[in-house]
Amino acid sequence: EGVKVHLAADLYEPLFSRMKFENLYTFPLLTIGNTPDKVGLLILKRIFDIILSAIGLVLMAPFLLMIVSLIKLTSKGPVLFSQERYGLNGRKFILYKFRTMSLDASEKLKDLMAQNEMQGPAFKLANDPRVTKVGKFLRKFSLDEFPQLWNILKGDMSLIGPRPPIPAEVAQYDAWQRRRLRMRPGLTCLWQIQGRNKITDFNEWAQLDLEYIDNWSLWLDFKILFKTIPVVIFGITHIPCGHPSP
(Lines give C-alpha, C1' and ligand atoms only; values in the text may rest on other atoms or scores of the structure.)
Protein backbone atom coordinates (compact mmCIF):
# COMPACT_ATOMS: atom_id res chain seq x y z
CA GLU A 1 0.00 0.00 0.00
CA GLY A 2 3.06 2.27 -0.20
CA VAL A 3 3.57 2.48 3.57
CA LYS A 4 7.13 3.43 4.57
CA VAL A 5 8.75 0.77 6.78
CA HIS A 6 11.82 1.21 9.04
CA LEU A 7 13.91 -1.88 9.84
CA ALA A 8 16.08 -1.65 12.98
CA ALA A 9 19.44 -3.07 11.86
CA ASP A 10 20.88 -3.40 15.35
CA LEU A 11 22.37 -6.89 15.07
CA TYR A 12 25.79 -5.39 15.81
CA GLU A 13 27.06 -2.27 17.49
CA PRO A 14 29.62 -0.89 15.04
CA LEU A 15 32.32 1.24 16.65
CA PHE A 16 34.13 2.35 13.49
CA SER A 17 32.17 0.59 10.79
CA ARG A 18 29.60 2.10 8.48
CA MET A 19 26.39 0.35 7.39
CA LYS A 20 24.81 0.46 3.96
CA PHE A 21 22.23 -1.53 2.02
CA GLU A 22 23.24 -3.28 -1.20
CA ASN A 23 21.70 -5.82 -3.54
CA LEU A 24 23.30 -9.03 -4.77
CA TYR A 25 21.11 -9.49 -7.83
CA THR A 26 17.68 -9.59 -6.13
CA PHE A 27 19.01 -10.53 -2.69
CA PRO A 28 19.15 -7.60 -0.21
CA LEU A 29 22.32 -7.23 1.88
CA LEU A 30 23.21 -5.16 4.90
CA THR A 31 26.91 -4.38 4.42
CA ILE A 32 29.10 -3.42 7.36
CA GLY A 33 32.58 -2.12 6.58
CA ASN A 34 35.19 0.34 7.77
CA THR A 35 37.61 0.58 4.87
CA PRO A 36 37.36 2.97 1.91
CA ASP A 37 34.99 1.60 -0.71
CA LYS A 38 34.95 4.46 -3.23
CA VAL A 39 36.22 2.39 -6.13
CA GLY A 40 36.68 5.33 -8.48
CA LEU A 41 38.82 7.27 -6.00
CA LEU A 42 40.86 4.17 -5.14
CA ILE A 43 41.56 3.64 -8.86
CA LEU A 44 42.64 7.27 -9.08
CA LYS A 45 44.92 6.74 -6.08
CA ARG A 46 46.53 3.79 -7.91
CA ILE A 47 47.00 5.88 -11.06
CA PHE A 48 48.78 8.56 -9.04
CA ASP A 49 50.97 5.84 -7.48
CA ILE A 50 52.02 4.55 -10.91
CA ILE A 51 52.74 8.00 -12.35
CA LEU A 52 54.62 9.42 -9.36
CA SER A 53 56.66 6.26 -8.66
CA ALA A 54 57.69 5.98 -12.32
CA ILE A 55 58.71 9.65 -12.44
CA GLY A 56 60.57 9.28 -9.15
CA LEU A 57 62.57 6.26 -10.35
CA VAL A 58 63.60 8.05 -13.56
CA LEU A 59 64.47 11.44 -12.05
CA MET A 60 66.27 10.00 -9.05
CA ALA A 61 68.27 7.37 -10.95
CA PRO A 62 71.61 9.28 -10.73
CA PHE A 63 71.08 9.92 -7.01
CA LEU A 64 70.19 6.27 -6.39
CA LEU A 65 73.41 5.21 -8.15
CA MET A 66 75.36 7.45 -5.76
CA ILE A 67 73.76 5.68 -2.79
CA VAL A 68 74.60 2.32 -4.34
CA SER A 69 78.25 3.37 -4.66
CA LEU A 70 78.41 4.60 -1.05
CA ILE A 71 77.06 1.31 0.29
CA LYS A 72 79.42 -0.73 -1.89
CA LEU A 73 82.49 1.28 -0.87
CA THR A 74 81.82 1.24 2.88
CA SER A 75 80.51 -2.23 3.69
CA LYS A 76 80.53 -5.78 2.39
CA GLY A 77 77.41 -7.42 1.10
CA PRO A 78 74.50 -6.68 -1.24
CA VAL A 79 73.30 -3.15 -1.83
CA LEU A 80 69.64 -4.03 -1.45
CA PHE A 81 67.94 -5.58 1.54
CA SER A 82 64.87 -7.66 0.72
CA GLN A 83 62.35 -8.95 3.24
CA GLU A 84 58.97 -10.64 3.19
CA ARG A 85 56.18 -8.31 4.29
CA TYR A 86 52.39 -8.37 4.51
CA GLY A 87 50.46 -6.21 2.09
CA LEU A 88 46.78 -5.56 1.42
CA ASN A 89 44.58 -8.14 3.19
CA GLY A 90 47.67 -10.05 4.32
CA ARG A 91 49.08 -10.81 0.86
CA LYS A 92 52.80 -11.50 1.09
CA PHE A 93 55.32 -9.63 -1.05
CA ILE A 94 59.05 -8.88 -1.07
CA LEU A 95 59.92 -5.37 0.10
CA TYR A 96 63.14 -3.70 -1.04
CA LYS A 97 65.30 -1.19 0.84
CA PHE A 98 68.87 -0.02 0.64
CA ARG A 99 70.87 -2.12 3.12
CA THR A 100 71.70 -0.08 6.23
CA MET A 101 72.88 -2.87 8.54
CA SER A 102 75.72 -5.34 8.77
CA LEU A 103 75.32 -8.75 7.13
CA ASP A 104 74.81 -10.53 10.47
CA ALA A 105 71.99 -8.19 11.56
CA SER A 106 69.38 -10.96 11.71
CA GLU A 107 71.57 -13.15 13.93
CA LYS A 108 72.23 -10.25 16.32
CA LEU A 109 68.56 -9.33 16.68
CA LYS A 110 67.90 -11.95 19.37
CA ASP A 111 70.61 -10.43 21.55
CA LEU A 112 69.06 -6.97 21.22
CA MET A 113 65.41 -7.85 21.92
CA ALA A 114 65.83 -7.00 25.61
CA GLN A 115 66.70 -3.42 24.58
CA ASN A 116 63.60 -2.97 22.42
CA GLU A 117 62.26 0.56 22.90
CA MET A 118 58.89 -0.18 21.32
CA GLN A 119 56.05 -1.61 23.39
CA GLY A 120 54.29 -4.24 21.32
CA PRO A 121 55.16 -6.55 18.40
CA ALA A 122 57.41 -4.10 16.50
CA PHE A 123 61.17 -3.68 17.20
CA LYS A 124 62.83 -0.29 17.57
CA LEU A 125 66.24 0.72 18.93
CA ALA A 126 67.47 4.31 18.49
CA ASN A 127 71.19 3.50 18.60
CA ASP A 128 71.09 0.09 16.94
CA PRO A 129 74.70 -1.20 16.81
CA ARG A 130 73.92 -3.18 13.65
CA VAL A 131 73.46 -0.01 11.57
CA THR A 132 76.44 1.04 9.45
CA LYS A 133 77.77 4.62 9.28
CA VAL A 134 76.26 5.15 5.84
CA GLY A 135 73.12 3.41 7.06
CA LYS A 136 72.65 6.00 9.83
CA PHE A 137 72.75 8.78 7.26
CA LEU A 138 70.31 6.98 4.95
CA ARG A 139 67.90 6.30 7.78
CA LYS A 140 68.00 9.86 9.12
CA PHE A 141 66.70 11.17 5.79
CA SER A 142 64.63 8.04 4.94
CA LEU A 143 66.79 7.50 1.84
CA ASP A 144 66.93 3.76 2.49
CA GLU A 145 63.22 3.55 1.59
CA PHE A 146 63.60 4.79 -2.02
CA PRO A 147 63.81 1.30 -3.63
CA GLN A 148 60.20 0.86 -2.51
CA LEU A 149 59.23 3.06 -5.43
CA TRP A 150 59.61 -0.19 -7.39
CA ASN A 151 57.22 -1.92 -4.97
CA ILE A 152 54.76 0.92 -5.56
CA LEU A 153 55.08 0.69 -9.33
CA LYS A 154 54.43 -3.08 -9.14
CA GLY A 155 51.33 -2.57 -7.01
CA ASP A 156 52.61 -4.16 -3.78
CA MET A 157 52.48 -0.77 -2.06
CA SER A 158 51.12 2.74 -2.36
CA LEU A 159 52.81 6.09 -1.79
CA ILE A 160 50.58 6.67 1.25
CA GLY A 161 49.40 3.97 3.62
CA PRO A 162 50.28 2.04 6.80
CA ARG A 163 53.85 0.73 6.81
CA PRO A 164 53.99 -2.95 5.73
CA PRO A 165 54.70 -5.29 8.68
CA ILE A 166 56.71 -8.50 8.76
CA PRO A 167 54.80 -11.79 9.33
CA ALA A 168 56.35 -12.31 12.78
CA GLU A 169 54.87 -9.00 13.96
CA VAL A 170 51.43 -9.69 12.50
CA ALA A 171 51.35 -13.02 14.37
CA GLN A 172 51.45 -11.00 17.62
CA TYR A 173 48.76 -8.47 16.63
CA ASP A 174 45.63 -8.01 18.68
CA ALA A 175 42.46 -8.42 16.62
CA TRP A 176 41.86 -4.66 16.28
CA GLN A 177 45.43 -4.07 15.07
CA ARG A 178 44.90 -6.40 12.10
CA ARG A 179 42.72 -3.71 10.56
CA ARG A 180 46.01 -2.07 9.46
CA LEU A 181 46.12 -4.74 6.74
CA ARG A 182 42.86 -3.57 5.15
CA MET A 183 44.59 -0.76 3.25
CA ARG A 184 47.40 -1.09 0.74
CA PRO A 185 50.67 -0.43 2.69
CA GLY A 186 52.53 2.76 1.94
CA LEU A 187 55.88 4.47 1.79
CA THR A 188 54.73 7.10 4.26
CA CYS A 189 51.73 7.74 6.50
CA LEU A 190 50.63 9.70 9.58
CA TRP A 191 53.13 7.79 11.75
CA GLN A 192 55.97 8.91 9.50
CA ILE A 193 55.24 12.61 9.90
CA GLN A 194 53.92 12.70 13.45
CA GLY A 195 56.93 11.53 15.42
CA ARG A 196 58.07 8.11 14.20
CA ASN A 197 61.22 8.39 16.37
CA LYS A 198 59.23 9.52 19.42
CA ILE A 199 56.45 6.93 19.38
CA THR A 200 57.41 4.01 21.63
CA ASP A 201 54.04 2.29 21.92
CA PHE A 202 52.86 0.20 18.97
CA ASN A 203 49.25 0.81 20.01
CA GLU A 204 49.74 4.52 19.32
CA TRP A 205 51.33 3.70 15.96
CA ALA A 206 48.40 1.43 15.06
CA GLN A 207 45.87 4.06 16.15
CA LEU A 208 47.43 6.57 13.73
CA ASP A 209 47.13 4.03 10.92
CA LEU A 210 43.47 3.38 11.73
CA GLU A 211 42.85 7.13 11.92
CA TYR A 212 44.21 7.35 8.38
CA ILE A 213 42.03 4.45 7.16
CA ASP A 214 38.87 5.78 8.81
CA ASN A 215 39.34 9.28 7.35
CA TRP A 216 40.94 8.41 4.01
CA SER A 217 40.57 10.78 1.08
CA LEU A 218 42.76 11.84 -1.83
CA TRP A 219 43.19 15.21 -0.15
CA LEU A 220 44.53 13.52 3.00
CA ASP A 221 47.00 11.56 0.83
CA PHE A 222 48.30 14.74 -0.80
CA LYS A 223 48.50 16.42 2.60
CA ILE A 224 50.63 13.60 4.03
CA LEU A 225 52.80 13.46 0.90
CA PHE A 226 53.44 17.21 1.08
CA LYS A 227 54.36 17.02 4.77
CA THR A 228 56.70 14.09 4.13
CA ILE A 229 58.97 16.23 1.92
CA PRO A 230 60.65 18.17 4.81
CA VAL A 231 61.00 14.89 6.72
CA VAL A 232 63.13 13.52 3.88
CA ILE A 233 65.03 16.71 3.04
CA PHE A 234 65.76 17.95 6.57
CA GLY A 235 65.47 14.77 8.62
CA ILE A 236 62.64 16.27 10.71
CA THR A 237 60.96 13.69 12.92
CA HIS A 238 57.70 15.44 13.81
CA ILE A 239 55.36 17.60 11.76
CA PRO A 240 51.90 18.34 13.22
CA CYS A 241 49.29 17.17 10.77
CA GLY A 242 46.13 17.98 12.67
CA HIS A 243 43.02 15.84 12.58
CA PRO A 244 42.49 14.56 9.04
CA SER A 245 39.43 15.79 7.21
CA PRO A 246 36.83 13.13 6.44
Side-chain angles (χ1 to χ4, degrees), residues 15-17 33-36 80-132 135-136 138-140 142 144-145 147-148 151-152 156-216 224 228 231 237-238 241 244:
L15 298 177
F16 302 101
S17 303
N34 50 26
T35 53
L80 290 178
F81 170 76
S82 59
Q83 187 179 52
E84 187 178 71
R85 299 289 182 103
Y86 274 178
L88 179 63
N89 295 324
R91 298 170 189 162
K92 294 180 180 180
F93 72 96
I94 302 299
L95 175 139
Y96 299 101
K97 301 174 67 173
F98 281 125
R99 183 174 58 83
T100 59
M101 291 186 175
S102 57
L103 289 177
D104 57 353
S106 298
E107 290 75 14
K108 290 182 177 179
L109 178 60
K110 294 180 180 180
D111 298 329
L112 296 172
M113 288 303 296
Q115 303 177 47
N116 188 9
E117 298 170 357
M118 179 71 74
Q119 299 178 37
F123 179 82
K124 174 185 174 183
L125 185 58
N127 297 310
D128 197 321
R130 301 172 298 165
V131 180
T132 64
K136 289 180 181 179
L138 296 179
R139 286 186 168 209
K140 178 177 176 60
S142 300
D144 58 318
E145 311 285 0
Q148 287 161 50
N151 287 119
I152 295 171
D156 299 326
M157 295 174 58
S158 174
L159 283 169
I160 315 296
R163 289 297 294 160
I166 61 176
E169 293 174 354
V170 175
Q172 302 177 58
Y173 277 7
D174 293 333
W176 68 272
Q177 294 168 340
R178 294 186 62 86
R179 197 153 66 87
R180 296 180 71 243
L181 304 176
R182 299 299 176 254
M183 194 86 178
R184 195 186 303 269
L187 188 63
T188 183
C189 198
L190 289 176
W191 166 79
Q192 190 86 4
I193 63 174
Q194 293 198 189
R196 59 173 180 163
N197 292 332
K198 296 181 180 180
I199 295 176
T200 58
D201 188 339
F202 182 74
N203 287 333
E204 185 178 352
W205 179 355
Q207 288 287 2
L208 284 172
D209 286 335
L210 299 189
E211 181 181 346
Y212 167 76
I213 292 173
D214 293 336
N215 296 279
W216 177 77
I224 293 173
T228 300
V231 173
T237 59
H238 177 76
C241 191

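Sequence positions, counted from 1, serve as the residue numbers for this chain. Basis for what follows: all heavy atoms, side chains included, without hydrogens, waters or symmetry-related copies.
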Below 4.5 Å, heavy atoms only, C-beta onward: do [X] and [Y] meet side chain to side chain?
{"X": "Trp176", "Y": "Gln207", "answer": "yes"}
{"X": "Ile160", "Y": "Leu187", "answer": "no"}
{"X": "Glu169", "Y": "Tyr86", "answer": "no"}
{"X": "Asp209", "Y": "Cys189", "answer": "yes"}
{"X": "Ile166", "Y": "Glu84", "answer": "no"}

Straight-line distance of [X] [atom1] to [Y] [atom2], nearest 0.5 Å:
{"X": "Leu190", "Y": "Thr228", "atom1": "CG", "atom2": "OG1", "value": "9.5 Å"}
{"X": "Arg139", "Y": "Phe98", "atom1": "CZ", "atom2": "CZ", "value": "14.0 Å"}
{"X": "Asn215", "Y": "Leu210", "atom1": "CG", "atom2": "CG", "value": "10.5 Å"}
{"X": "Arg180", "Y": "Phe202", "atom1": "CZ", "atom2": "CZ", "value": "4.5 Å"}

Nearest atoms (heavy-atom pairs only) where [X] meets [Y]:
{"X": "Asp156", "Y": "Ile94", "result": "OD2-O, 4.4 Å"}
{"X": "Pro185", "Y": "Pro164", "result": "CB-CB, 3.6 Å"}
{"X": "Ser102", "Y": "Thr132", "result": "N-CG2, 4.1 Å"}
{"X": "Glu107", "Y": "Asp111", "result": "O-OD2, 4.5 Å"}

Set out, in order, the CA-CA distance, both residues' side-chain angles and the distance that settles side chain to side chain contact (heavy atoms under 4.5 Å, CB included) for Phe93 and Met157, then state yes or no. CA-CA 9 Å; Phe93 72 96; Met157 295 174 58; 3.7 Å; yes
Just by distance, do the side chain of [X] and the backbone of [Y] share a donor-acceptor pair under 3.5 Å?
{"X": "Arg85", "Y": "Leu95", "result": "no"}
{"X": "Asp104", "Y": "Arg130", "result": "no"}
{"X": "Asp201", "Y": "Gly120", "result": "no"}
{"X": "Asn151", "Y": "Tyr96", "result": "yes"}
{"X": "Gln177", "Y": "Asp174", "result": "yes"}

Does Asp214 come within less than 4.0 Å of Arg179, counting only side-chain N to carboxylate O?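 Between Arg179 and Asp214 there is a salt bridge, with a charged N closer than 4.0 Å to a carboxylate O.
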Carboxylate-amine/guanidinium contact Arg163 Glu145, below 4.0 Å: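 Yes, this pair counts.
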Going through the distances and angles, do Phe123 and Leu112 end up as a side chain to side chain contact (heavy atoms under 4.5 Å, CB included)? CA-CA 9 Å; Phe123 179 82; Leu112 296 172; 4.0 Å; yes
Can you confirm whether Asn89 is buried at CG, in the sense that more than 12 heavy atoms of other residues, nucleotides or ligands lie under 6.0 Å from that atom? yes
Side chain to side chain contact (heavy atoms under 4.5 Å, CB included) between Phe81 and Met101, worked out: CA-CA 9 Å; Phe81 170 76; Met101 291 186 175; over 6 Å; no
